[in-house]
Peer 1: 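Once you've had a glance at the structure underneath, I'll fire off some questions.
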Number of protein chains: 2
Amino acid sequence: MAVARTKTKARASTADEGNRRAELIRAAGKLFVEKGFDATTIRDIADAVGMRSGSPFYHFKSKQDMLKSVMIEGLQAALTAQQAAIAGVRGAEARFRALIKSHLRIILEDHTEFPVLLYEWRALTDDSRAEVIAVKDRYEAVWQSVLKDLVKAGLLKDDGRVTRLLLFGAFNWTVQWYRPDGEFTIDDIAERAVDLYLCPQAEGRR
Amino acid sequence: MAVARTKTKARASTADEGNRRAELIRAAGKLFVEKGFDATTIRDIADAVGMRSGSPFYHFKSKQDMLKSVMIEGLQAALTAQQAAIAGVRGAEARFRALIKSHLRIILEDHTEFPVLLYEWRALTDDSRAEVIAVKDRYEAVWQSVLKDLVKAGLLKDDGRVTRLLLFGAFNWTVQWYRPDGEFTIDDIAERAVDLYLCPQAEGRR
DNA sequence: CCCTGTCAAGCAAGCAATTGCTTTGTTGTC
DNA sequence: GACAACAAAGCAATTGCTTGCTTGACAGGG
């Protein structure tokens, strides 16, 4: 009874094992993106993994807790993918291109956990939001350093806060219109973006 | 009874008079942006204008109908603002700048009806969505023509679909981070955007 | 080898609150 | 007295979440 509940909390903090827990996070992330956080019921999520409506609360202490867990899960997957993408890549433009492709893949391919972060920011309570921001900042720090290098190389005019936010906006907004079966591949979009943002000031370089 | 309901529908279609109706739309728009469509209850909206929870249904036949009305209202306001912004403005770059400023003002200033369109797209039923798209296309058509002129003038490399969507994304995403009391004005952002997107290929032009 | 206790994981059932919406009644106005 | 514009009250369904109970796997002792 009370014992089981206590152990649940302990389990929830350590992100080990818990096979069904990961299953729940994936299902919840998918539904949150499709229907929105508020429009998704616990019963929807439970159905998606073949559980009864009360059972998810064995793994998460509330629906809010599920949302937070989905976002953090997505952010951590994005972080490792990001680091793998730029590992060993030299040159500002090449790193820029690698970052874009990695970001778009995380957003647009089957990892539906990250888009939840973009869609359901408002649904977070203040406590959960602080936790999520901490991880998010680490992700954006990598972008900042690459943008700085681009400016140094003369490929970008400015890397101030507004420019960064405009850049992120263009990428994050792709969630709204990209379709896997559409006419553009992820690499198409990435190439167009590089073309759009990098100014060939130093001619003969590219 | 049934009479009142019928007249309501008639009234809802003609967007004339109906003072409290416009009041409801404004209040609903504000709440939809702040809390999301699903998280906003009819009682929230009614409270905001000093009504009881059942009364809004005299003006709108359902909550969905309110959402659709808010969006269309926002779109039409955006359309007239857009046309006023580029009226008499010559030159591709000047028109581009004017469009951006107009768009950002619509999105970021007190007209909260338009951002609902960006936030709550999913919450629309298919029927409502078709209605909204019709108005939306007219708004985007103006952008397309300006972008084409920019390419013709050599100020933009490409005006294909992906480029357009990347552009819109950057602007629409500002809703997520812009704060009226922040360090940047709307004009600041517009200028940064012009700088970011327009490539000074034909030197000595600007 | 069997018995028994333990415990993670989930089921069955339901509660209390909230939800969108309806229905009937009231009021001011022309 | 007719009608637009609400109020008052409530209904039926849905919601997040809780509580007590079952099950299956495994450990250890005899």
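Residue numbering restarts at 1 for every chain, and letters A, B, ... go by the order of the sequence lines. All heavy atoms count here, side chains included; hydrogens, waters and symmetry mates do not. On a predicted model such as this, the values are computed, not experimentally measured, just so you know.
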Peer 1: Just how far, in rounded Å, is P of D:dT15 from CD1 of A:Ile45?
Peer 2: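 Atom CD1 in A:Ile45 sits about 11 Å away from atom P in D:dT15.
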Peer 1: With respect to the side chain of A:Phe57, which nucleotide from D:dT18, D:dC6, C:dT22 is positioned closest?
Peer 2: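 Taking heavy atoms from C-beta onward, the closest nucleotide is D:dT18.
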Peer 1: Suppose we call two aromatic rings close when their centres sit under 6.0 Å apart. Are A:Tyr119 and B:Tyr119 close by that rule?
Peer 2: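 No, the ring centres sit 6.0 Å or more apart.
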Peer 1: In this structure, how many angstroms lie between the P atom of C:dG14 and the CD1 atom of A:Ile42, rounded?
Peer 2: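 Nearest whole value for this atom pair: 20 Å.
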Peer 1: Return the set of residues passing side-chain contact (heavy atoms from CB on, under 4.5 Å) with A:Lys63 (not counting sequence neighbours), or none when no residue passes.
Peer 2: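 Result, side-chain contact (heavy atoms from CB on, under 4.5 Å) vs A:Lys63: A:Phe37, A:Ile42.
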Peer 1: If the threshold is 4.0 Å, N to carboxylate O, is there a salt bridge linking B:Arg164 and B:Glu140?
Peer 2: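 Salt bridge absent between B:Arg164 and B:Glu140.
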Peer 1: Counting the benzene-type ring for Trp, do A:Phe168 and A:Trp143 have ring centres under 6.0 Å apart?
Peer 2: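 So the answer is yes for these two rings.
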Peer 1: Looking at B:Arg122 and A:Glu34, does any basic side-chain N land under 4.0 Å from a carboxylate oxygen?
Peer 2: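 Here B:Arg122 does not pair with A:Glu34 in a salt bridge, since their nearest N and O are not under 4.0 Å apart.
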Peer 1: CE of B:Met51 versus P of C:dT22: gap in Å, rounded?
Peer 2: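 About 17 Å, once rounded to whole Å.
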Peer 1: Using whole Å, what does the distance between atom P of nucleotide D:dA7 and atom CG of B:Asp47 come to?
Peer 2: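 After rounding, the reported distance stands at 11 Å.
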Peer 1: Could you work out, with side-chain contact (heavy atoms from CB on, under 4.5 Å) as the rule, every residue matching B:Arg43, not counting sequence neighbours?
Peer 2: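 B:Arg43 satisfies side-chain contact (heavy atoms from CB on, under 4.5 Å) with B:Thr41, B:Ser53 only.
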Peer 1: When you get a sec, tell me which of C:dG10, D:dC6, D:dA8 is the closest nucleotide to the side chain of A:Ser55?
Peer 2: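 Between C:dG10, D:dC6, D:dA8, the one nearest the side chain of A:Ser55 would be C:dG10.
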Peer 1: From the set D:dC6, C:dG14, C:dG20, return the single nucleotide nearest to any side-chain atom of B:Lys63.
Peer 2: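 Of the candidates, C:dG20 comes closest.
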Peer 1: Calculate the interatomic distance between A:Arg20 atom CZ and C:dC11 atom C1'; express it in whole Å.
Peer 2: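 Going from A:Arg20 (CZ) to C:dC11 (C1'), I get 12 Å.
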Peer 1: Measure the distance from CZ on A:Phe60 to C1' on D:dG16 and round it to the nearest whole Å.
Peer 2: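 Rounded to the whole Å, the gap is 15 Å.
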Peer 1: Any side-chain heavy atom of B:Lys35 within less than 4.5 Å of one from B:Lys30?
Peer 2: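 Sidechains of B:Lys30 and B:Lys35: no contact.
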Peer 1: Can you measure B:Met66 atom CE to C:dC21 atom P for me and round it to whole angstrom units?
Peer 2: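 About 10 Å, once rounded to whole Å.
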Peer 1: What is the distance, rounded to the nearest whole Å, between atom CZ of A:Arg52 and atom C1' of C:dG10?
Peer 2: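 From A:Arg52 CZ to C:dG10 C1': 10 Å.
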Peer 1: Tell me whether the side-chain N/O atoms of A:His59 come closer than 4.0 Å to OP1 or OP2 in C:dG10.
Peer 2: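 Result: yes.
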Peer 1: Starting the side chain at C-beta, find the nucleotide from C:dG20, C:dA9, D:dC6 nearest to B:Arg43.
Peer 2: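 Of the options given, the side chain of B:Arg43 lies nearest C:dG20.
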Peer 1: Given D:dG10, D:dA4, C:dG14, identify the nucleotide with an atom nearest to the side chain of B:Tyr58.
Peer 2: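 Selected nucleotide (nearest to the side chain): D:dA4.
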Peer 1: Does anything in residues 34-41 of chain B come within less than 4.0 Å of DNA chain C? Heavy atoms only, and list the residues if so.
Peer 2: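 Within this stretch, B:Thr40, B:Thr41 sit under 4.0 Å of the strand.
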